[in-house]
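Just so it is clear, the values below take in all heavy atoms, side chains as well, and ignore hydrogens, waters and symmetry mates. A quick note: this is a predicted structure, and the numbers were derived from the prediction, not measured. A note on names: the letters A, B, ... follow the listed sequences, proteins ahead of strands, and every chain is numbered from 1.
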Amino acid sequence: MNYTLQFGQVIDRLPYLAGGAWLSLLLATLAFFGGMIIGVFGAMAKLFGGRILAGIANIYVVFFTNTPALVQVYFLYFALPSFGIILPPFEAVLIGLTLNSGAYLTEIQRAGFLSIHRNEVEAAETIGLSQMQSVWYVIVPHIVRTLYPSLSNQYILITLGTSMAAIFGVEELTGRALSLNAETFRSIEIFVITAGLYIAITLVANVLLVFLGRYYFRARMRLF
Amino acid sequence: MDFLGIENLKARYGEHVVLNDISMTVEKGEIVSLIGPSGSGKSSLLRALVGLLPVESGEVRLNGEIINYRDKQAVKRLRDRLAIVFQQYNLFQNMDVLRNVMLAPMKVKGWPREECEREATALLEKVGLGAKLHVYPDQLSGGQQQRVALARALALRPEILLLDEVTSALDPELVNEVLDSIRLLASEGMTMIIVSHEMAFVREVSSRVSMMAAGSIVEIGTPDEIFQNPKHERARDFVGKILHR
Amino acid sequence: MHSIFGQLPRFLSYYNLEFILQAALTTLLLSISGCVFGFIFGFGIAVLRETTGPLWLPLRAAAVLFVEIFRRIPFLVTLFLVFYACQALNLDISVFAVAVASTCIIGAAFLSEVVRTGFDAIPSQEREAAAAMNFTLAQTLFLIVIPQAWRVILPPTFAFFLSFIKDSALASQLGVVELTYSAKVMNNKGFSPVLGFGAALILYFAISYPLARFGLYLEQRLGFSRYRKP
Ligand SMILES: Nc1ncnc2c1ncn2[C@@H]1O[C@H](COP(=O)(O)OP(=O)(O)OP(=O)(O)O)[C@@H](O)[C@H]1O
Ligand SMILES: [Mg+2]
C-alpha cells in the first residue's frame, strides 16, 4: 500500500463541495414537489379516472418504476433532440427525476387514499360535518399522517438519486466531486468527504422530517 | 430457610416505579396468590422474578443462592428452575401443539427426543388436549391455548411455577378447564405463585395471599386473614369491592 | 425520424443483438450477486443488532454505523469510493467486481433493515416466552422468529432486488459493460440515441416488469398467513 491520505487540499475546497450539496437539495426538493403534484393527479386518475385515464396513469407508473432513472434521463437528454426538443443538462435531469419520482409518489398516494375507511368518512358526516369539511378536517389529515413516513423516506431516496446529475455535467455535490477529482486526483479523500456531506444532508433532513412528523402530523416514526 | 425469598425488590419503567420494596417468601409446596387492582404491579413482579424486567435493587434468593440478575449465567440457572405462564398465550405460532411443548426440553435441556415427545404427550393429555397434538395454536380456543402454555411450562420440570392471570382472557365457561388443571398441580405439591382475579379460586387453593397496590405489597396472609379480616385500609377497600361485585 | 427507421435493420444485426443481450445478462448477474451477498451480510448485521450485553457492544455499534452510513450515500458515490479504494490498495479487481461489491454494500445496509423489521414483526411475547425458557438468541431466531418472519422479509427483499437492477445502470459509469453501457456504445457507433437508449429501456422493462408482477404475487400469497396473530 503506497497511498497516503491527504485531506488538506480537499478540506480547503469544502465550501465548493457544500455549494454542490445545496444544489443537490434544491434538485431533490424540486423533483419531490413536482413528483407530488404528478402523484396527486396520478393517484386520482388511477382511482377515479375511469378506464382510459386510469390506463394511462398505470402505463406511466409501470414504465417509470420498471426502468432506471439514469436511462430515462439519457433518453431525455440524447434522444429527444431527434424529435427537435433540446434540453440543457439541468433541465433534463430535473424533468427526468420529477417524472420518475412522480411515478413512485403516485403509488404511495394511491395507497394513502386506499387506507381511508368508509366508516371514518361516515363518522365524520354523522357528527355533522359537510362533505367539504370532512374532506378537509378528516380525510386530508388522515392521508398526510399515514403517508408522512413513506413520503419523507421517498424524499431521502430522491436526494440520493440526484447524484446521477453529475453524469450530465450538473455541478451538484457529486458533479463537483468529479470536477475536484479531475483537478487534484485526491480521489479517495474527495469521495470520503462527499459521502460525509451526503450523510450530513440526509441526516439533517431526516431529523427535521421526523420532528416535523412527530409534532406536526403525529406520525409514528423512528429515527434509527 | 425459605425456598424462594424476595427482599426489598425495586424495579421501574423509566421514571415510573412499578415495584417498590417488595418482600415476601415462598416455601416449598406453597401456593402464594397475588391479588390487587389492575396496574398494581403483579405481572411486573413475575416478570422481574424471571429476569424479563430489570431489577434496580433488592435481592432474590432461590434455595439460599442469591440471584444476581446482571450475571447471565445466574439468570440461566434461575430460569432452569422457574417456569412462567404468561397472561397472553405466547405460544409459538409456527409449530404445532406438541412441538410447542417439547421444543424447550429438547433444544434447551438437551433431553432425548423420544423422552420429550412421550412426556409432552402425557402432559397434554393431563391438561385434556390429548386429541390436539398436531394442531396449530391459531386453531385452538383461548382456554386450550392457555392449557398448552401450562403444559409447555411443566415440560421443563420447574421447581416453581409462575402463573400470570391465566384465566383472565377466557370465557367464564373455559375458566374451569384451566383451573382444574391448576388444582391438579396443587394436589401434586407444585410450588406456585399465582396471579388471579378468580377470588373463589384464590381462596380455595392458596396457602397465602399477597395483596398488592401501586407497586407495593399492602398485606400478606392466609386467605381467611385477607378476605375476612383485612388489616389495612387499602386491602379492606379492595376486598370489599371484589366481594360485593 | 426517417433516419431512425432507416437504421433499424442495421441496428438489429446479429452482432449487435448478441452484444446487447450479453450486457442485459451482465445487468441481471450484477444485481443478483449483489443482492444475494448483500442479503447474507445484511442478515448477519440484523442478527448482530439483536445481541445484548457488553461483549457484543463494539460489533453492535459497528453494525449500526455501517447501516446508517451506507444508507445515506448515493450508489454512484459508493461505486466511486469502492473503485478508488481498490485502486489505492493496489487491488487488481475488475470493474464488475467493484460493482458487485458496491451493490453488496448498499444491499447489506438496506436489507439488514428489512430483516430487522421482519424480526420486529414477530410478537415480542413469543420472544419473551423463549427467553424465559432459556433459549439462546440463535435458537430463538432460528426456531421461532425466522420461521415466521421470512414471510415479512421476502417481499421487500425482492423489491430491493428490483431496485438494484435499476441502480446497476450507474455501474456503466465505471465501464462495466451492462445494459446502459451497451446503449452508450451503440450511441457512439453512430446509431440514433432513440434506438440505443430505447432498446435499453425496453430491455430493462422486460427484465423488471415480470419480476415486479411476481413480487406482487409473492406479497399477496405470503400475506395470507396460516399463522394468524392473536
Ligand atoms: N412496558 C411497559 N412500559 C411502561 N410501563 C409499563 C409497562 N408494562 C407495565 N407498565 C406499567 O407498570 C405498572 C404495573 O403493570 P403490571 O402489568 O405489572 O400490572 P398488573 O398488576 O399486572 O395489572 P393487570 O391486572 O392489569 O394485569 C402499570 O402502571 C403499567 O402502566
Ligand atoms: Mg398483569
Assess whether side chain to side chain contact (heavy atoms under 4.5 Å, CB included) is satisfied between C:Tyr204 and A:Asn66, documenting all intermediate values. CA-CA 7 Å; C:Tyr204 273 114; A:Asn66 282 297; over 6 Å; no
Against chain A, label C:Leu170 side chain, backbone, both or neither, depending on which of its atoms sit under 4.5 Å from a heavy atom there. both
Name the region of A:Tyr77, side chain, backbone, both or neither, that has any atom closer than 4.5 Å to a heavy atom of chain C. neither
To the nearest 0.5 angstrom, please state how far the CZ atom of C:Phe83 sits from the CZ atom of A:Phe191. 10.0 Å
I'd like to know whether CG of C:Asp92 has more than 12 heavy-atom contacts from other residues, nucleotides or ligands below 6.0 angstrom. no
Taking atom CZ of C:Arg71 and atom CG of A:Asn206, what is their separation to the nearest 0.5 Å? 7.5 Å
Is there a donor-acceptor pair closer than 3.5 Å between any side-chain N or O of C:Lys166 and the backbone N or O of A:Thr65? yes
What's the spacing between C:Phe205 CZ and A:Phe64 CZ if we round to 0.5 Å? 11.5 Å
If you measure from CZ on C:Arg72 to CD1 on A:Ile201, what distance do you get to the nearest 0.5 Å? 11.0 Å
Any idea which of A:Ile188, A:Thr159, A:Leu173 has the most non-hydrogen atom pairs under 4.5 angstrom with chain C? A:Ile188
Chain C heavy atoms under 4.5 Å from A:Ser163: which part of the residue, side chain, backbone, both or neither? both
Do the non-hydrogen side-chain atoms of C:Pro74 and A:Tyr198 ever get within less than 4.5 Å of each other? yes
Counting only heavy atoms from other residues, nucleotides and ligands, does the tally under 6.0 Å from CD1 of A:Ile52 exceed 12? no
What do you reckon, is CZ of C:Phe41 surrounded by more than 12 foreign heavy atoms closer than 6.0 Å? no
Of the listed residues (C:Val67, C:Ile165, C:Val77, C:Asn187), which shares the most heavy-atom pairs with chain A below a 4.5 Å separation? C:Val77
Winner by heavy-atom pair count (cut-off under 4.5 Å) against chain A, out of C:Thr180, C:Ile73, C:Ile69: C:Ile73
Spatial distance of atom CZ (C:Phe80) from atom OG1 (A:Thr174) [nearest 0.5 Å]: 8.0 Å
Ranked by heavy-atom pairs below 4.5 Å to chain C, first place among A:Ile199, A:Leu157, A:Leu70 goes to A:Ile199
Within 6.0 Å of CZ in A:Phe33, more than 12 heavy atoms from elsewhere: no
What residue, out of A:Ile190, A:Ile156, A:Asn181, has the most heavy-atom pairs lying under 4.5 Å from chain C? A:Asn181
Does C:Phe19 CZ have over 12 foreign heavy atoms under 6.0 Å away? yes
Select all residues of residues 91-110 of chain A having any heavy atom within less than 4.5 Å of some heavy atom of chain C, and report them by number, or 'none'. A:Tyr104
For chain A, which residues from residues 188-202 of chain C lie under 4.5 Å away (heavy-atom distances)? C:Ser192, C:Pro193, C:Val194, C:Phe197, C:Gly198, C:Ala200, C:Leu201
Within 6.0 angstrom of C:Phe119 CZ, more than 12 heavy atoms from elsewhere: yes
Of the backbone (N, CA, C, O) and the side chain (C-beta and beyond), which part of C:Ser168 lies under 4.5 Å from a heavy atom of chain A, both, or neither? neither
Carefully, step by step, assess C:Leu76 and A:Ile167 under the rule side chain to side chain contact (heavy atoms under 4.5 Å, CB included). CA-CA 10 Å; C:Leu76 187 57; A:Ile167 294 170; 4.2 Å; yes
Just so I know, are the side chains of A:Tyr74 and C:Lys184 near enough to count as touching, which here means a heavy-atom distance under 4.5 Å? yes
